[in-house]
Asks: 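This structure is in structure tokens; I'll ask about it shortly.
Chain A is the first sequence line, chain B the second, and so forth, proteins listed ahead of strands; every chain is numbered from 1.
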Amino acid sequence: MKKCYNTTMKEKHDKQHLVQALLEWYDANARILPWRSEPTPYRVWVSEIMLQQTRVEAVKPYFERFVNALPDVHALANADDDELHKLWEGLGYYNRVKNMKKCAQYCVKHYAGSLPNSYELLKQLPGIGDYTAGAIASIAFHLPYPAVDGNVLRVFSRLLVSEDDILKERTKKKFQNIIKEYIPIERCDAFTQALMEIGALICVPNAMPRCNICPLAEDCIGYQSHQAQRLPIKEKKKARRIEKKTILVVVHQKEVLLQQRAEDGLLAGLYEFITLDGEREEEEVMAFLGHERIHKIIKLRSAKHIFSHVEWHMQGYLLEVKEKLDGLWCTQQALEQQYAIPTAFKAYKDALYTWWRTQE
DNA sequence: AAGGCGGGGCT
DNA sequence: AGCCCAGCCTT
């Protein structure tokens, strides 16, 4: 049976009124966020990269630490890769920070260490797509470009009752063109942020939209026709695959054996404990390292880590070896200050610390 | 057009 | 257990 969403055609939607209501609400309700206090191009850029697919609350502590350690484009361009990974450790999508360094080096070479004051030029930089170029252009440079992220797609799907799949590229282009017509030239920075703020605080995902306190309800066709809640339209994502891994925490006195991951692919360039594909038995693990080298082996608890597209089911072993085999041996201090370990290994990092404590 | 790429918080 | 987040890049 097909549900009918026909409306009485008397819903109201007035661009000027909507924008005015949005900006008034934003002026009174905008959260105080670190990158809003001093919206220089560099700080806006750093914040926007960090905020890609990442919640505001997760970004806050990383942002402060990052801009303190690397206060400008030149500092970032000259930063060491291990230092960058350490500053990004736990934030995810590590390719973002690698692209930022490339970007910084390019800006030093071609733009005298500044970000370009142009949407088109911004978009040519690595890691800056339609959304981020629009966000930097509007927020940092006060240029009238739309910044269409997940929040904005959701808000406008509901405002206009759009049945388009918001995951489609075509839908994003369509909304970019629509939203251009709403941008108040003199306040394009506030407009960009206000739309996302409404999306984050009022027109929320994963829950009932708070239409009762929404300043846009008067101009929201979705609200007026009681369809806000069922929108936006999104195709379902495919299921994740499962990969089994065996994690070897190899220790000798107060040091642990690490290895660096490949420069491409998942968690590229970060450090990890010795990781084997598949689920390995204790006997197999001992043979891998050489029985004669092993002083002690302890089976650790199994652990699971969920990435976007894959799920790791891990079994860990702690192995105390009689002497150091070849490889990157690392003290607790180096582990904390130098080498970035992805969160996936947290359970085994915890086990390592427990082991070290028992050795004191 | 589709899939790779983190991690966490919410329902 | 799934959904989604101030998305972008490669294939």
Asks: Report yes if the side chains of Pro116(A) and Cys107(A) come closer than 4.5 Å at any heavy-atom pair, otherwise no.
Replies: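 Side chain of Pro116(A) against side chain of Cys107(A), heavy atoms only: contact under 4.5 Å found.
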Asks: Can you identify which nucleotide, out of dC4(C), dA1(B), dC5(B), has its nearest atom closest to the Tyr93(A) side chain?
Replies: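 The answer is dC5(B).
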Asks: Whenever both distances are under 3.5 Å in a Watson-Crick or G-U wobble pair, mark it; put DNA chain C into dot-bracket that way, with [ ] for crossing pairs and | when the partner is on another strand.
Replies: |||||.|||||
Asks: Of the nucleotides dG6(B), dA1(B), dG7(C), which one has an atom closest to the side chain of Asp149(A)?
Replies: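 Taking heavy atoms from C-beta onward, the closest nucleotide is dG7(C).
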Asks: Evaluate the side-chain proximity of Tyr339(A) to Leu328(A): yes if any heavy-atom separation is below 4.5 Å, no if none is.
Replies: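 Yes; the side chains approach each other to less than 4.5 Å.
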Asks: For nucleotides 9-11 of chain C, list the nitrogen or oxygen atoms of the protein found under 3.5 Å from its nitrogen or oxygen atoms, one pair per line.
Replies:
from, atom 1, to, atom 2, distance (Å)
dC9(C), OP1, Gly127(A), N, 2.6

Asks: Please set out all donor-acceptor pairs under 3.5 angstrom arising from side-chain atoms of residues 64-73 of chain A, sequence neighbours excluded.
Replies:
from, atom 1, to, atom 2, distance (Å)
Arg65(A), NH2, Lys86(A), O, 3.4
Arg65(A), NH2, Leu87(A), O, 2.8
Asn68(A), ND2, Glu64(A), O, 3.0
Asp72(A), OD1, His74(A), N, 3.2
Asp72(A), OD1, Ala75(A), N, 2.8

Asks: Below 4.0 angstrom, which residues in residues 19-51 of chain A have at least one non-hydrogen atom near DNA chain B?
Replies: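 Listed by number, there are none.
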Asks: Identify, with sequence neighbours excluded, every residue that meets side chain to side chain donor-acceptor pair (under 3.5 Å) alongside Glu197(A).
Replies: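 Listed in chain order: Arg31(A), Arg36(A).
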Asks: Side chain of Pro342(A): nearest nucleotide among dC4(C), dG7(B), dC8(C)?
Replies: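 Output: dG7(B).
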Asks: Could you run down the sub-3.5 Å N/O contacts of the protein with nucleotides 9-11 of chain B?
Replies:
none

Asks: In terms of ring plane angle, is the pair Tyr111(A) and Tyr106(A) parallel, tilted or perpendicular, where the classes change at 30° and 60°?
Replies: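 Geometry flag for Tyr106(A) against Tyr111(A): perpendicular rings.
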Asks: When you measure from the side chain of Leu267(A), which nucleotide among dG6(B), dG3(B), dG4(B) comes out closest?
Replies: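 Output: dG6(B).
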